[in-house]
Undergrad: 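Got a structure for you, written out below as structure tokens; questions coming shortly.
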Amino acid sequence: MRSFSYARPATLAEACRSAEHTRFLAGGTNLIDLMKSDVERPAHVVDIKSLPMHHIVDRPDGGLRLGALVTNADTAAHPLVTDRYPLLASAILAGASPQIRNMATNGGNLNQRTRCHYFYDPAMACNKRSPDTGCAARGGRNRIMAVLGTSDACIATFPSDMCMALAALNATVNLHGPQGERTVSLRDYHCLPGDTPWRDNILQPGEIVTAIDLAPAPFGPHHTYLKIRDRLSFAFAIVSVAVGLQMKEGRIMRGSIALGGVATKPWCVPEAEALLDGRAPSHSLFRDVAERLLHGAVADRDNAAKIRLTPRVIERALWQAASGTPQSQMDKTIR
Amino acid sequence: MNVISTHIGQPVSRIDGVAKVTGQAKYAAEPHPPGMLYGVIVNSPIARGRIETIHDTGAREVPGVVEVMTHHNRPHTALFEKSYMDGLGVPGAPYRPLHDGEIHFNGQPVAVVLAETFEAAREAAMLVRVDYERWPHNADFEAALHQKYMPSKTRSNYVPPKPRGDAAAAYALSAVKIESRYHLAPEHHNPMEMHATTVIVEDDGTFTVWDKTQGPQAVQAYLASALSLSKDQVRVRNPYVGGAFGSGLRTVYNVFIATLAVKMLKRPVRVTLTRPQMFTHAFRPEATMDIALGASRDRALQSMIVEGVTDTSRFEHNMENIVIWGLINYKCPNAKADYKIAPRDTYTSSDMRAPGAATGVNLLEMAIDEMAYACTMDPLAFRLHNYSDSDAMHDMPLTSKALRDAMAQGAQHFGWHDRSMAPGSMRDGRELIGWGMATGIWDAMFSPTSARARLGQDGRLHIATAASDIGTGTYTILAQTAAEAFGMPLERIDIELGDSTLPECPTEGGSWTAASAGAAVWLACHSLRKKLIDMLVKSKNTPSWVKQDAVTLEGGALHGMTENGRVSLSLPDALSLAGHDMLEAEETAKPGLRGKISQMRKARFTHSAVFCEVRVDPELDTVRVTRLVNAVAAGRIMNPKTAASQIRGAMVMATGMALHEESLMDERVGRFMNHNFAEYHIPTHADVPDMDVLFVNEHDDEVSPLGVKGVGEIGMCGTAAAIANAIFHATGRRYHNLPITPGART
Ligand SMILES: Cc1cc2nc3c(=O)[nH]c(=O)nc-3n(C[C@H](O)[C@H](O)[C@H](O)COP(=O)(O)OP(=O)(O)OC[C@H]3O[C@@H](n4cnc5c(N)ncnc54)[C@H](O)[C@@H]3O)c2cc1C
Ligand code: SF4
């Protein structure tokens with residue numbers, strides 16, 4: 001870890017005025033690790049935990065506003081969340097460990113960085129860590145890397161679980177920056193790597209995520225978060241699927257799907273979702289949806305298995321949602 | 001030895017438990033001598049080459065930095081390679097830290113920053129820049145296989161496979177045959193406690209080196225020899241070790257570098273490795289085994305051909321016994337095996353819990369299961385059908401082999417007999433249920449060991465030996481042994497371990513400590529007892545009932561009979577009568593003549609039978625291990641509680657071997673890439689099922705003086721195979737590569 005200045009401002013305005021080479025510190029579960037590994041080298045660390053973003057509040061439209069500093073654990077356990085957005089609670093509980101979720105914040109979860117082995121190791125070339133130095137993950141040990149949304153410059157996944165549920169719920173991110181406030185859809189928040197893999201998301205210098213807004217979710221029991229990983233707990237997804245289905249008389253009126261673990265950002269394909277409109281659940285329908293979601297997937301050296309496995313996970317998740325039997329994160333049995 | 005068990009064999013809780021959970025137990029990175037410097041090591045990012053320039057100006061400018069030590073400015077060390085040989089006896093040219101500018105492996109230390117604070121040392125270490133001249137290297141196992149060889153000088157513990165019959169011809173004639181290549185990924189030991197050293201400079205100028213090691217005397221000898229110090233200038237201590245699994249068998253570079261820095265700066269130093277640095281030294285080698293089995297129509301094994309390869313470094317010839325186990329454990333008239341090592345430009349692979357057998361037994365037991373199915377025979381019945389009562393490879397009788405009992409009791413406990421033979425025939429909803437089993441075998445070793453017993457005026461019995469308790473329960477079982485031997489309550493016994501100045505004890509490993517140190521403590525206690533009574537008898541103030549054979553030692557006092565009935569003498573009083581305030585005895589347990597003859601005539605092994613239930617979702621590639629039963633025949637069990645913990649811990653580790661653990665080598669750079677606990681997956685609680693451990697009654701007076709075989713490693717042997725075999729039973733899929741992860745190769 002390199003020396004840095006530390007400040008803990010009391011107001012948003014102050015925090016946004018931060019100089020260049022600043023990182024905001026929330027729960028620190030990601031940032032501090034990366035600083036210890038010499039991956040992040042901020043000159044200034046601005047601790048935002050004193051900012052007033054610690055609450056979950058009702059919204060006039062029946063939705064919820066999740067403060068950026070509410071911990072993942074508190075969010076998943078909040079009665080309004082478990083009641084209205086069990087899909088979100090489930091996705092959060094599928095991630096990390098209780099200890100980490102107790103520290104990790106909602107804003108931090110959105111802004112967590114990839115777990116690419118090469119990104120984490122300053123001895124290796126990485127465009128995301130150091131622009132234009134190359135991508136060592138290509139042709140390397142990349143079993144965990146992405147097959148969707150990749151570019152020549154970067155094939156790293158965006159590893160969050162929570163954000164897959166937020167994408168399926170069509171959440172909105174509230175930002176506060178030097179230029180004022182703005183909102184952006186969660187689905188548009190993260191960037192494809194393209195030629196600029198060092199940009200994980202659309203956040204501008206000095207901009208802070210203040211809250212995440214959720215519109216009322218029409219899914220009832222027809223949702224699931226299904227995560228396949230290398231062990232039964234405390235591992236990032238090899239593949240994960242967040243699904244919400246609006247059902248009426250056995251038909252799907254509208255569906256919302258986000259893939260995690262296989263893509264460089266929460267992977268949503270409106271054309272795939274549209275296939276579900278007005279249709280009754282069936283194997284062939286779900287196979288078509290899975291195929292459409294995987295369209296354009298490319299494997300590198302070690303991760304072709306993801307392309308084989310993902311459609312099966314999507315189909316299973318769709319069945320779980322259609323049947324109103326969401327995946328339990330406690331009982332490891334997958335039904 | 002005739003052991004009546006009041007203490008031995010009891011499920012005593014760890015006597016060091018309270019010290020550990022209250023933080024009283026001090027580990028290698030915990031002493032904090034005044035003026036201590038922190039050392040942070042800089043490692044090479046390349047596999048092969050030469051250091052051109054080290055730029056340390058930036059590092060030296062960090063406030064608090066005292067020195068940046070490299071091969072350029074380090075103090076004098078031993079000249080000859082052989083001075084760097086450590087206790088493990090791996091032939092070759094041992095790696096010499098900071099010796100010169102040549103790079104032999106990725107992760108090799110190239111500099112150490114020493115600073116007043118850890119933070120300064122770490123920051124400065126990040127600022128050290130090194131220019132390298134890169135040389136070609138190979139770190140790819142597949143490519144290394146083409147260069148496999150048998151070294152001219154083998155490791156001392158290497159057991160060459162001994163062929164019998166004509167395996168090739170018998171294979172050709174066999175009615176039933178299977179043949180495949182099996183593969184095990186490299187693994188890292190990853191004990192919770194990272195390797196660390198704290199060196200204290202004593203007032204008389206000597207060094208007390210707190211090191212995480214399994215052998216304080218081996219480290220002492222190494223440091224003295226490699227740093228050209230006299231042995232009494234270095235004392236090595238490791239009273240507590242937070243797990244090691246073999247990573248502390250060899251001296252790790254941190255202890256050399258820390259002590260070298262002390263030599264240079266004459267100040268105490270601490271060097272702790274990070275988790276990523278734990279991936280820069282010892283690891284379990286990657287392995288392939290080509291196994292061909294042939295059986296007759298009546299399902300008797302006729303031929304066994306095993307060819308195994310493990311990897312080693314370019315500079316040392318590390319060898320493991322991976323190919324012999326099937327030849328020893330199965331009756332099969334024709335068998336042969338071949339073993340070679342494949343060189344890579346990496347650090348030398350090393351022993352990890354049940355080295356050789358964890359690899360060889362598990363891969364072979366997967367093949368045996370396949371053969372049972374090829375013969376359409378229940379896998380347990382097949383093993384019994386081909387059971388050998390002797391060491392079939394050396395054609396030698398065994399001191400004992402209660403494996404049949406282990407199989408029967410394990411099967412009974414598991415409910416094996418309700419199993420249906422056909423793969424995929426047991427189902428619960430979407431999950432396929434599979435039941436698999438395997439047997440395990442591991443050496444039962446005994447090494448000469450010394451111990452000292454001392455009785456003090458406070459009435460306490462103090463036991464000392466240079467053994468290491470690496471978390472296995474050595475403190476506890478030695479206290480039980482002493483209690484038994486000296487008739488002393490457990491609470492009045494102090495055990496001192498982990499110090500190179502104590503009576504000689506070999507490095508902890510190979511599951512020999514319980515048998516060896518246990519025997520030494522037993523002898524020392526008996527000798528002390530005899531000495532005490534002899535002295536009492538000689539002293540004129542002693543009551544006349546005190547005679548060598550007429551007194552008993554019980555409850556911490558001497559007891560005897562007079563006409564007036566039972567009489568007692570407290571130990572402090574006995575000491576006073578004998579005219580001493582302290583009395584001690586030191587003894588060495590070694591095989592002796594009878595033992596040596598026995599070792600030549602009889603083979604000695606620990607055995608086990610493991611049963612496993614898995615639930616597999618065949619579409620999603622998920623595997624849940626839901627039940628494990630391990631029935632172990634390991635001679636006398638000193639303490640069923642600590643022993644069962646050893647077996648359970650090994651079963652967890654073997655679950656990792658079967659399903660999770662894999663160090664991912666990027667052969668382009670020769671570096672293990674998933675070098676942290678987020679990405680190197682060991683089983684979590686959710687992955688660990690109900691585990692039942694049964695100890696089978698096995699009386700064996702010959703294997704070691706106390707009839708003990710040791711239990712530290714046997715739990716690894718067979719468990720991974722039982723899991724893989726259960727997955728086959730669930731799905732009909734044979735995986736030949738471990739670990740079996742989602743999307744893994746079959
Ligand atoms: C071992 C381990 C396993 C894990 N497993 C999982 C898993 O399975 N699934 C999963 O989803 N996650 C997992 N995580 C990641 C975890 O969810 C994130 O580390 C956590 O959500 C980050 O939140 P934080 O508050 O600690 O962020 P910090 O570490 O404080 O910050 C992370 C980044 O976000 C930025 N940031 C934080 N808050 C804001 C804000 N309000 N506005 C703008 N920028 C901000 C910081 O500047 C920093 O760049 C794991 C982490 C670890 C260490
Ligand atoms: S995949 Fe992306 S994060 Fe990984 S090494 Fe390549 S550029 Fe870096």
Side-chain angles (χ1 to χ4, degrees), chain A residues 1-4 33 35-38 41 96-97 100 115-118 120-125 136-137 139-144 159 226-239 301-313 315-317 319 329-335, chain B residues 43-46 62-63 106-107 118-120 122-127 274 276 428-431 615 617-626 655-656 659-669 671-679 681-688 739 741-745:
Chain A
M1 196 182 272
R2 303 186 185 221
S3 300
F4 55 87
D33 270 8
M35 287 168 69
K36 286 182 182 171
S37 305
D38 205 21
R41 302 168 179 180
S97 67
I100 289 173
R115 307 305 291 202
C116 170
H117 311 312
Y118 298 86
Y120 252 85
D121 187 338
M124 305 301 294
R141 298 311 297 263
N142 50 33
R143 186 176 157 267
I144 67 164
L226 181 57
K227 176 177 179 182
I228 306 299
R229 52 194 139 176
D230 281 343
R231 58 184 171 193
L232 293 171
S233 170
F234 206 12
F236 287 92
I238 292 291
V239 189
R301 183 185 128 163
D302 285 348
N303 58 355
K306 284 192 174 181
I307 300 181
R308 288 197 305 276
L309 191 57
T310 307
R312 295 185 238 147
V313 185
E315 288 175 49
R316 181 70 64 83
W319 279 116
Q329 302 303 342
M330 307 296 146
D331 177 1
K332 303 293 176 182
T333 316
I334 299 173
R335 295 184 206 283
Chain B
N43 305 77
S44 159
I46 70 163
V62 174
N106 196 314
F118 170 67
E119 289 73 14
R122 179 170 58 177
E123 177 167 17
M126 289 171 178
L127 298 173
T274 60
D428 176 12
R430 291 182 180 275
E431 285 188 321
R615 287 166 172 257
D617 189 314
E619 281 168 32
L620 305 181
D621 271 16
T622 54
V623 177
R624 295 190 298 135
V625 179
T626 44
T655 303
L659 300 177
H660 312 118
E661 293 188 45
E662 174 171 22
S663 301
L664 296 169
M665 163 65 70
D666 187 329
E667 64 290 333
R668 301 168 306 173
V669 282
R671 192 172 179 92
F672 290 111
M673 289 312 305
N674 54 336
H675 45 52
N676 60 66
F677 271 168
E679 302 301 334
H681 294 135
I682 57 174
T684 63
H685 284 291
D687 298 289
V688 176
T741 50
R745 292 177 290 161

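Remember, it's a predicted structure, so these values are computed and weren't measured experimentally. Chain letters run A, B, ... following the sequence lines, proteins first and then strands; every chain starts at 1.
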Undergrad: For the interface with chain B, which of A:Met124, A:Lys332, A:Arg316 has the highest count of heavy-atom pairs at distances below 4.5 Å?
TA: A:Arg316

Undergrad: Please classify the contact between B:Asp617 and chain A as side chain, backbone, both or neither, with a heavy-atom cut-off of under 4.5 Å.
TA: side chain

Undergrad: Name the member of A:Lys306, A:Arg143, A:Arg41 that forms the most heavy-atom pairs with chain B at distances under 4.5 Å.
TA: A:Arg143

Undergrad: Heavy-atom pairs under 4.5 Å with chain B are the metric here; pick the option from A:Glu315, A:Arg2, A:Arg229 that has the most.
TA: A:Arg2

Undergrad: Checking A:Tyr118 against A:Asn142: is there a side-chain donor and acceptor pair closer than 3.5 Å?
TA: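 Short answer, no.
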
Undergrad: Most heavy-atom pairs under 4.5 angstrom with chain A, which of B:His685, B:Glu431, B:Glu667, B:Glu119?
TA: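 Greatest number of close heavy-atom pairs with chain A: B:Glu667.
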
Undergrad: Can you tell which of B:Ile682, B:Thr622, B:Asn43, B:Asn676 has the highest number of heavy-atom pairs within less than 4.5 Å of chain A?
TA: B:Ile682

Undergrad: Under a 4.5 Å cutoff for heavy-atom pairs, which residue among A:His117, A:Arg141, A:Arg231 has the most contacts with chain B?
TA: A:Arg231

Undergrad: Quick one about B:His675 and A:Asp121 (side-chain donor to acceptor, distance below 3.5 Å, no hydrogens or angles considered), yes or no?
TA: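 Yes.
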
Undergrad: With chain B as the partner, which of A:Val313, A:Val239, A:Leu309 has the greatest number of non-hydrogen pairs under 4.5 Å?
TA: A:Leu309

Undergrad: Please report the interatomic distance OG(B:Ser663) to CZ(B:Arg671), rounded to the nearest 0.5 Å.
TA: 13.5 Å

Undergrad: Under a 4.5 Å cutoff for heavy-atom pairs, which residue among A:Ala305, A:Ser37, A:Ala235, A:Gly139 has the most contacts with chain B?
TA: A:Gly139

Undergrad: Just verifying a value: how many Å separate B:Asp666 CG and B:Phe672 CZ, rounded to the nearest 0.5 Å?
TA: 11.0 Å

Undergrad: Please flag which part of B:Val62 lies under 4.5 Å from any non-hydrogen atom of chain A: side chain, backbone, both or neither.
TA: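 It is neither, since no heavy atom gets under 4.5 Å.
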
Undergrad: Do we see a donor-acceptor contact under 3.5 Å between the side chains of B:Arg624 and A:Thr333?
TA: yes

Undergrad: Please report the interatomic distance OG1(B:Thr741) to CD1(A:Ile238), rounded to the nearest 0.5 Å.
TA: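 B:Thr741 OG1 to A:Ile238 CD1: 7.5 Å, rounded to 0.5 Å.
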
Undergrad: Rounded to the nearest 0.5 Å, what separates atom CD1 in A:Ile228 from atom CG in B:Asp621?
TA: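 Going from CD1 on A:Ile228 over to CG on B:Asp621, the span is 8.5 Å.
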
Undergrad: Let me know if B:Glu661 has heavy atoms under 4.5 Å from chain A in its side chain, its backbone, both or neither.
TA: neither

